[in-house]
Amino acid sequence: KDENKGNNTICPLQQPPLSHEKSLYHAQRLRFAIPRNRSQLVRFFASVFLCLSVLVSFLCHHRYYSWFSSDSSVKHKLSSFLNTSRKNIIISVKDRQVQHSYSAGETNLLPDNLNHTIAKARVVPAALDTSLPLIHIVNTRFQQHARNLTAIGNARLELFETFCLPTMIHQTIQPQQANQTSQLYRFLWIIRTDPKLDSKLRERMENLLKPYPNFFLVGSNHKYSWRNGKAGEELLFGAKEGRTNVYTGDVMLLRAAYDNRENKIVLETRIDADDGLPLPYLEYTQTSAMQRLSDRQVSRKDEEVVDSNLSANITQVKWMFWCIQKAIIWHPSISLVQDSRSSSTSKEEEESGVLNWEERFFCLTPGLTVGLSVGVYDSEVPKYGHHRLAKQLHENRNNPKKSCGLHESGHSCIQVLDNVLALRSRSPTSAGMLDVVVPKDLITEEFQYSTEETKAHWSMMKKRFAVEKDRVSRTNHYIQTNLVSILQENLLGQCTPGHSCKSSSREILQSMIKLHTSKQTK
């Protein structure tokens, strides 16, 4: 019907009448069709939005209620949530190319600019290698309880970048290939620093570590054990006010290590921020730990791994230590003499500092490792300082209450790696100032090498530790240029928690400040 004219009209394009079935079909389509009028469209979408809002609100309320309900742990619920949001890791193509060059034996080991800027990055999934029967954590402290000491902080960062970082990047078990579609990591490196560290210093640290998903910069002044769960809980659940204290690294790697801490062997290795490890060191300790601390047991007679069904005369190793007693030491040029520059110091030593050898009859701190078999906790392991550790464990080897389980075989619970060298730097940034200043009379005896010997030493530094001489020269120059401010802040940092508090250290620092301040005024 034409309402405008008030009479009935027949459409000239009218189709023949539809059958009953087709009429019903079209009526049903029209009933659920979206309105074409603008106001009807607005009302339609408003009602749909309202329905969705109510549904989402109900689901969120139900989810948060279940998180905080009394019958389940908040941490467990949060961890389940984290497991559903795995992140991909950005890895610098430039860094991977450098690592590939090194493995191919090329000369340029590290890039000239070690800021590790991510110019062209690719996304590579990262995962912890859970096929291994162990979890390996490497622990390092950097500027803990020293948030405002920026002069010594920058000097320590130079040492970290020069000596410590390359030895960790080029560990033989660290993934090196740039063309891999995924990365499996066999250790986690956790670097703890003051949560309120100077922002510029922290940013530099983050830029160095970001390309490596298993390298973690963490805001913490604590040191907890991994086996008892406190270390993992601090990192995964210890954030305050919604801010995480894990600045770099893939958190899901931490999560996997935390979840497997009780059903796998746990290794914890110490490395100071100014020291370095030989490149195969972590691989060796893992291999040794799998032989000694696995579910298989050890013969009391000859300490060979045997099947537990073959002999009743067996015992299980509960824990074990590994340590190094020899090292190559780097001294900056400024540390060669106490009062003035020796005339015997060569130009090369002036530029790059001096390398020397050290052999001790106690465990050095770089590479000191403790391993716990499954079911063993830190409370069951005797606690000794690194100076006394090897001697004390040797004396306790026949004591069943203090032994790791080898008391009847007479074997010690520590493996001293006689043919392995660690890398140590002794500079004015050291809180203890031990062996930092070398008296004049020792220079001619210990520090004089021929040109060929010196070249061989620096070649070994590159081959065994991935340390470049040019980079060492830059660090040596930085320490010389900023020596007085470094010494002054080292003195301020004495006796802070976790640092040296010896009167001898303060006396050395005061005398060096007085000496080099007077040199500057002249």
Side-chain angles (χ1 to χ4, degrees), residues 92-117 119 140 142 154-172 174-176 178 189 191 204-205 207-212 215 271-282 327-335 346-357 366-367 421-427 429 447 449 451-482:
S92 170
V93 170
K94 182 179 181 182
D95 293 331
R96 292 301 178 192
Q97 290 173 346
V98 170
Q99 295 172 4
H100 182 69
S101 310
Y102 172 59
S103 62
E106 297 181 10
T107 313
N108 295 329
L109 180 63
L110 296 175
D112 296 332
N113 180 9
L114 284 182
N115 288 329
H116 299 285
T117 53
T140 299
F142 181 82
N154 282 292
R156 286 171 175 167
L157 184 56
E158 286 287 329
L159 293 168
F160 172 82
E161 193 174 349
T162 301
F163 297 107
C164 189
L165 181 61
T167 69
M168 296 300 292
I169 291 175
H170 297 283
Q171 284 293 310
T172 54
Q174 176 73 0
Q176 304 288 328
W189 186 19
I191 306 165
R204 286 183 60 194
M205 284 286 289
N207 290 335
L208 290 173
L209 300 172
K210 276 182 180 178
Y212 311 100
F215 293 0
I271 175 70
D272 292 341
D274 56 354
D275 296 337
L277 297 175
L279 305 186
Y281 185 75
L282 297 184
I328 183 168
I329 305 179
W330 176 79
H331 295 269
S333 302
I334 202 68
S335 301
S346 67
K347 181 179 179 181
E348 186 173 16
E349 291 169 347
E350 290 276 358
E351 293 178 354
S352 304
V354 174
L355 297 176
N356 191 31
W357 306 95
L421 283 175
L423 172 61
R424 305 180 72 198
S425 65
R426 309 304 301 163
S427 74
T429 64
F447 289 84
Y449 299 102
T451 304
E452 292 75 15
E453 288 176 325
T454 302
K455 288 182 179 179
H457 294 166
W458 285 109
S459 176
M460 185 201 65
M461 286 282 283
K462 179 177 179 179
K463 182 178 180 180
R464 294 193 180 185
F465 302 102
V467 172
E468 288 280 6
K469 183 180 177 182
D470 292 342
R471 188 66 184 79
V472 176
S473 299
R474 169 181 153 182
T475 301
N476 187 56
H477 176 73
Y478 184 89
I479 292 176
Q480 288 178 323
T481 306
N482 300 277

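- W189 pairs by the side-chain hydrogen bond (donor to acceptor under 3.5 Å, both in side chains) definition with T140, not counting sequence neighbours.
- Within the 3.5 Å criterion, the main-chain N or O of E158 finds no donor-acceptor partner in the side chain of Y478.
- Atoms CZ and CG, from R464 and L421 in turn, are 5.5 Å apart once rounded to the nearest 0.5 Å.
- Rounding to the nearest 0.5 angstrom, the gap separating the NZ atom in K462 from the NZ atom in K469 is 12.0 Å.
- Note that CD of E452 is 13.5 Å distant from OG of S459, once rounded to the nearest 0.5 Å.
- Here the shortest heavy-atom pairing between N476 and S352 reads ND2-N, 3.9 Å.
- For P278 against A422, the heavy-atom pair with the smallest separation is CD-CA, 4.3 Å.
- Residues F215 and I169 are in side-chain contact: their nearest non-hydrogen atoms beyond the backbone lie under 4.5 Å apart.
- Using cut-offs of 30° and 60° on the angle between ring planes, the pair W330 and F163 is tilted.
- In this structure, SG on C164 lies 11.0 Å from CG on L157, to the nearest 0.5 angstrom.
- In this structure, H331 and R424 have side chains that are not in contact, with every pair of non-hydrogen atoms separated by 4.5 Å or more.
- In plain terms, the two heavy atoms of P166 and F160 that are nearest each other are CD-O, 4.3 Å.
- The line from OG1 of T475 to CD of E161 is 7.5 Å long, rounded to the nearest 0.5 Å.
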Note to self: Walk me through whether N154 and N482 qualify under side-chain contact (heavy atoms from CB on, under 4.5 Å).
What the structure shows: CA-CA 10 Å; N154 282 292; N482 300 277; over 6 Å; no

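- Of all heavy-atom pairs between L279 and T167, the closest is CD2-O, 3.8 Å.
- Looking at M460 and K463, their side chains never come closer than 4.5 Å, going by heavy atoms from C-beta outward.
- The shortest heavy-atom contact between L159 and I479 is CD2-CD1, 4.2 Å.
- Remark: the backbone N or O of I329 is not paired with any side-chain donor or acceptor of R426 at under 3.5 angstrom.
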Notebook entry, point to check: Can M168 and Y212 be said to form a side-chain contact (heavy atoms from CB on, under 4.5 Å), step by step?
Noted result: CA-CA 10 Å; M168 296 300 292; Y212 311 100; over 6 Å; no

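- L423 is listed as a side-chain neighbour of M461, based on a closest heavy-atom distance under 4.5 Å.
- To the nearest 0.5 Å, atom NE2 of residue H477 and atom OG of residue S333 are 11.5 Å apart.
- Taking both residues in full, the closest heavy atoms of Q171 and P280 are given as OE1-C, 4.2 Å, listed atom of the first, atom of the second, then distance.
- The closest side-chain heavy-atom distance from T454 to L355 is not below 4.5 Å.
- For D272, the side chain to side chain contact (heavy atoms under 4.5 Å, CB included) partners at least two apart in sequence or on another chain are R270, D274, D275, T365.
- In summary, of the residues considered (E468, R471, R474), a side chain to side chain donor-acceptor pair (under 3.5 Å) with T162 occurs for R471 alone.
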